2 protein chains.
Amino acid sequence: MQDIARLAGVSVSTVSRALAGSHLVARGKREEIVRLAAERGYVVNTTARNLRLKRSETLSVAIPLGQGTGQSLTDPFFVRMIGHVADEITQRGYGMYLQKVLPPTESWLERLIDAGRADGIIVIGQNIEHAALQEAAAYRPLVVWGGHEPGQRYCTVGSDNVAGATAAVEHLLATGRRAIVFLGDTRVPEIRLRYEGYRCALESAPQGSAGARLLATPLAADAGYEALRALMREGAALDAVFGATDLVAIGALRALADAGRRVPGDVAVVGFDDIALAAHTTPPLTTVRQDFARGARTLVDLLLRRIAGEDTPSAVLQAELIVRDSSLVRGA
Amino acid sequence: MQDIARLAGVSVSTVSRALAGSHLVARGKREEIVRLAAERGYVVNTTARNLRLKRSETLSVAIPLGQGTGQSLTDPFFVRMIGHVADEITQRGYGMYLQKVLPPTESWLERLIDAGRADGIIVIGQNIEHAALQEAAAYRPLVVWGGHEPGQRYCTVGSDNVAGATAAVEHLLATGRRAIVFLGDTRVPEIRLRYEGYRCALESAPQGSAGARLLATPLAADAGYEALRALMREGAALDAVFGATDLVAIGALRALADAGRRVPGDVAVVGFDDIALAAHTTPPLTTVRQDFARGARTLVDLLLRRIAGEDTPSAVLQAELIVRDSSLVRGA
DNA sequence: TTGAAAGCGCTACCAT
DNA sequence: ATGGTAGCGCTTTCAA
């Protein structure tokens, strides 16, 4: 900036103002300075600027990967969410600092918060870290994607997991399914809520239906595959599978195919998320769609409002059942 | 830091040193200071630190999304790559600044580089931006994931697209396929290289084989689906499809299923990438595996070496053909 | 409308 | 082993 000032024959103050588009600088001079900077490839140093302004125009996105839940950063759900959040953040002229948090790290939230790298934090997925989040609740510029539970002190944005799961299971019951297995890891709050919706729907099940059956499995396709194979080897009766995520459901699809069970003829399969590939499985997967784009927009909106000092409530987004071939009426 | 110094009854210099773990500070005093900081939730301000040190311990990851190539940040390929790169960066104690670059942005590379936010830049995918990259070649701390082409001045890391594609097509020919269609967008350098490998293999095809047939399509499942459907409606003869990416191949799988063509009985399908879901399609997809983990490691390695002042050459990684059911021997 | 100068929070040099 | 202090590059108040 010194250089530009010297070249333009003005002070650094004037250059700073000109580059910020201030009208305090004479129009001609301003344009001259801007031209000069562009020519010389000068760009304002963000670090110095941030230090001076005490804000970074950057939002931190943190992804806690719980121990053994099997999720990884490459999980299509995270990827999808990261993509949409990146869109939203970029659109508002903010930068995005991506942080992957592995479980053993202690007080990661505090560190992230106070280091001054970002103006606020978006945490995607509560994933076991519920307690840490509760503690950080006092810190305002924080919004979490996940399930909203009573007694929760931090601000969340998430789909209506209970209602979504209930709709899925009611659909299965309505199409004649009677033995519906739930595949997932209920240690994750969102999954627990989905399981709750599942149980809830089963309570009003017709006579002759089997009760709730929870098959615990990490949230990955391989895990879903293995878990369901094991269950079938045991000879358990089932005519429907509700995968807690599409990934798990896709694993289930393959396990069924390998075992010679026809989908949807013998067994119906339903997932949750509606990731891009759900429409392209064989058969295409019935699933509960989460509105990721809307979710991302809401996350960023709420966070920016919190940064501005507002105290925002949690938001629950509607989730929509998308019926595809994997749960067609039995025998259809 | 002032506060901590006052509390500990020492100078800020000492606090700074203690927090950095310097052995110049008496052991007892050091521990006392660290304890005090932890207690009061004090964390060193990264921005000030970076300004002073003139480095940010942060790497920028930029993803240029070309016009109309149909790729989006939610493409499993990007997601996978981002995940692995995030892993590598995190592991080395660096932060990751994620940047999505939309085409109209001008001189985005320069801005990114000079703003001082990051010590170096990883660009994932050349995607139409080849020219801009060539210009930025002078800027050293820059590594690009993509194809390596003659005359290229910037440092790339990428799979051996030509060899990978050749292996895939040779496999198809060896198993009796004679009319192999290539599905993809050859404006993207990597895809152009794959197409080259495809043509190369076809040149040594047995008598009676059809020549190269390029079906241009954006790199997304829907696009692959539509493109292949259109081709089949035209009544074109084909007994194999080579999708430039797994996503396109998955679209092709579904188009074939919808049209009543059996895979691999009537038509073989091969993809490229080996994304997680390739093993879970019906039938499981034969594909050319890119070693993403290794690629990410190499990207970060080379970038850090460039930051240290070294001039590194481009790296080409081997790509491995993974044969699954979608290309089993005809009639098998 | 412009310039001088203070200071954001930190590290590292130079003294002691 | 510890402290004083300059200065990283910028914005903004205050004075002119």
Side-chain angles (χ1 to χ4, degrees), chain A residues 1-34 36-38 40-58 93 95 97 110-119 307, chain B residues 1-38 40-58 93 95 110-119 307:
Chain A
M1 191 174 265
Q2 291 271 15
D3 292 355
I4 303 294
R6 203 175 316 112
L7 253 58
V10 296
S11 71
V12 286
S13 320
T14 304
V15 173
S16 173
R17 283 191 274 251
L19 259 28
S22 161
H23 281 274
L24 284 167
V25 179
R27 176 116 172 249
K29 197 170 280 184
R30 194 171 66 221
E31 283 165 358
E32 160 77 2
I33 291 171
V34 169
L36 215 58
R40 314 260 318 186
Y42 170 79
V43 176
V44 177
N45 182 310
T46 319
T47 308
R49 183 166 202 278
N50 289 347
L51 178 59
R52 179 60 231 247
L53 297 180
K54 289 160 157 280
R55 65 188 157 77
S56 59
E57 309 248 88
T58 293
Y97 194 80
E110 283 75 6
R111 308 191 73 76
L112 202 54
I113 289 161
D114 299 322
R117 242 196 234 277
D119 298 336
I307 289 171
Chain B
M1 190 174 267
Q2 290 271 13
D3 292 356
I4 303 294
R6 205 175 314 114
L7 252 57
V10 297
S11 71
V12 286
S13 320
T14 304
V15 174
S16 174
R17 282 191 276 252
L19 260 27
S22 162
H23 280 274
L24 284 167
V25 180
R27 175 112 173 254
K29 198 170 278 184
R30 195 170 66 221
E31 283 166 358
E32 159 78 2
I33 290 171
V34 169
R35 195 185 51 70
L36 215 57
R40 313 260 317 186
Y42 170 80
V43 176
V44 177
N45 181 310
T46 319
T47 309
R49 182 167 203 278
N50 288 346
L51 177 60
R52 178 63 231 245
L53 297 180
K54 288 162 157 282
R55 63 189 158 78
S56 59
E57 309 248 88
T58 293
E110 284 75 6
R111 308 191 73 77
L112 201 54
I113 289 160
D114 299 322
R117 242 195 236 276
D119 298 336
I307 289 171

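Note that the structure is predicted; figures quoted are calculated from it, not measured. Every chain is numbered from 1 and lettered A, B, ... according to where its sequence line falls, protein lines coming before strand lines. Side chains included, hydrogens not; waters and symmetry mates left out as well; all remaining heavy atoms used.
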Go through the side-chain N and O atoms of A:S16 and A:S13 and say whether any donor and acceptor fall under 3.5 Å apart. no
I need the CG-P distance between A:L19 and D:dT12, as an integer number of Å. 13 Å
Go through C:dT1, D:dG4, C:dC10 for me and flag the one nearest to the B:R49 side chain. C:dC10
Please state whether the phosphate of D:dT2, meaning OP1 or OP2, lies under 4.0 angstrom from any side-chain nitrogen or oxygen of B:T14. no
N-O pairing of B:E31 and B:R27 below 4.0 Å: yes
Establish, with yes or no, whether the OP1 or OP2 oxygen of D:dG3 is under 4.0 angstrom from a side-chain nitrogen or oxygen of B:S13. no
Note: for B:V15 and A:A20 on DNA chain D, the residue whose nearest nucleotide lies more 5' is B:V15
Closest to the side chain of B:N45, out of D:dT2, C:dC10, C:dT1, is C:dC10
Residue whose nearest DNA chain D nucleotide is more 5′ - B:L53 or A:V12: B:L53
Atom CG of A:L24 and atom C1' of D:dC14 are separated, to the nearest Å, by 13 Å
Is any side-chain nitrogen or oxygen of B:Y42 closer than 4.0 Å to OP1 or OP2 of C:dG9? no
Do B:N45 and B:R49 have side chains that get closer than 4.5 Å, going by heavy atoms? no
Rounded to the nearest angstrom, tell me the gap between atom CD in A:E57 and atom C1' in D:dC10. 14 Å
May I have the distance from A:Q2 (atom CD) to C:dA5 (atom C1'), rounded to whole angstrom? 13 Å
Is the shortest side-chain N/O distance from B:K54 to OP1 or OP2 of D:dG9 below 4.0 Å? yes
Tell me which of B:R17 and B:A48 sits closer to the 5' end of DNA chain C, going by the nucleotide each one is nearest to. B:A48
Between B:E32 and B:R35, is there a side-chain N and carboxylate O pair less than 4.0 Å apart? yes
Is the distance from OP1 or OP2 of C:dT1 to the nearest side-chain N or O of A:K29 less than 4.0 Å? no
